[in-house]
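Below is one structure, written out as structure tokens; the observations come after it.
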Amino acid sequence: MTIKDWIDYCLSKKGAQETYPFDATTLVFKVGDKMFGLVYDHKGEIGLNLKGDPHLNLVLRQEFKSVFPGYHMHKAHWNTVLINKDVPDAEIYRMIDLSYAIVYKSLTKAVKAQIEEQYE
């Protein structure tokens, strides 16, 4: 998969937005006003930060060499995934889905209603 494939997938989520709040190279995906993913250069490799369940995050870190605590993020709730390494594409898609779902669930009813309105 290419980085464009991952970006397109994140942006296909309902209400997803592409932003650059930190600098010109760190791409942040938001739903509502909350982040559910970041894409950035991690020591010369493409890193994707995703929110997850703290217990599952630990399991993923043990299972895959290219998954580790979220770089510059809350270590229990975020993982960094180096793409095109040992994590299968299907697992990365699942991680993106989970990250989006966790963040979407935390939005207020009013924000969720605004997002849903856009897709009616």
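Start at 1 with the first residue, then count along the sequence. Please read all numbers here as calculations on a predicted model, not as lab measurements.
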CD of Gln118 to NZ of Lys14: how many Å apart, nearest 0.5 Å? 10.5 Å

Closer than 3.5 angstrom, by distance alone: can the side chain of Lys75 be matched with the main-chain N or O of Gly70 as a donor-acceptor pair? yes

Distance, nearest 0.5 Å, that separates CG of Asn49 from CZ of Phe29: 11.5 Å

Between Thr26 (side chain) and Asp23 (backbone), is there a donor-acceptor pair under 3.5 Å? no

Main chain of Thr2, side chain of Asp5: is a donor-acceptor contact present, judged purely on distance under 3.5 Å? yes

Taking side-chain contact (heavy atoms from CB on, under 4.5 Å) as the criterion, tell me which of Ile3, Val39, Leu38 meets it with Leu48. Val39

Could you work out, with side chain to side chain donor-acceptor pair (under 3.5 Å) as the rule, every residue matching Glu45, not counting sequence neighbours? Lys85

Give a yes or no answer on whether the side chain of Ser12 reaches the backbone of Tyr9 with a donor-acceptor pair at less than 3.5 Å. yes

For the residue pair Tyr100 and Phe36, does the interplanar ring angle fall in the parallel (under 30°), tilted (30 to 60°) or perpendicular (over 60°) class? perpendicular

Any chance the rings of Tyr71 and Tyr40 have centres within less than 6.0 Å? yes

What closest approach, in Å, do Asp86 and Glu63 show between heavy atoms, and which atom pair accounts for it? OD2-O, 4.5 Å

Quick one: does any side-chain atom of Asn57 pair with a main-chain N or O of Ala76 as donor and acceptor, under 3.5 Å? yes

Keeping the roles fixed (side chain from Gln17, backbone from Gly32), state whether a donor-acceptor pair exists under 3.5 Å. yes

Hey, does Leu82 have a side-chain heavy atom less than 4.5 Å from the side chain of Phe68? yes

Keeping the roles fixed (side chain from Ser99, backbone from Lys51), state whether a donor-acceptor pair exists under 3.5 Å. yes

Nearest-0.5 Å distance that lies between atom CE in Met95 and atom CG in Asp53: 11.5 Å

Are there over 12 heavy-atom neighbours, none belonging to Lys65, within less than 6.0 Å of that residue's NZ? no

Is any side-chain heavy atom of Ile96 closer than 4.5 Å to a side-chain heavy atom of Cys10? yes

Contact between Arg61 and Asn79 at the side-chain level, heavy atoms closer than 4.5 Å - yes or no? yes

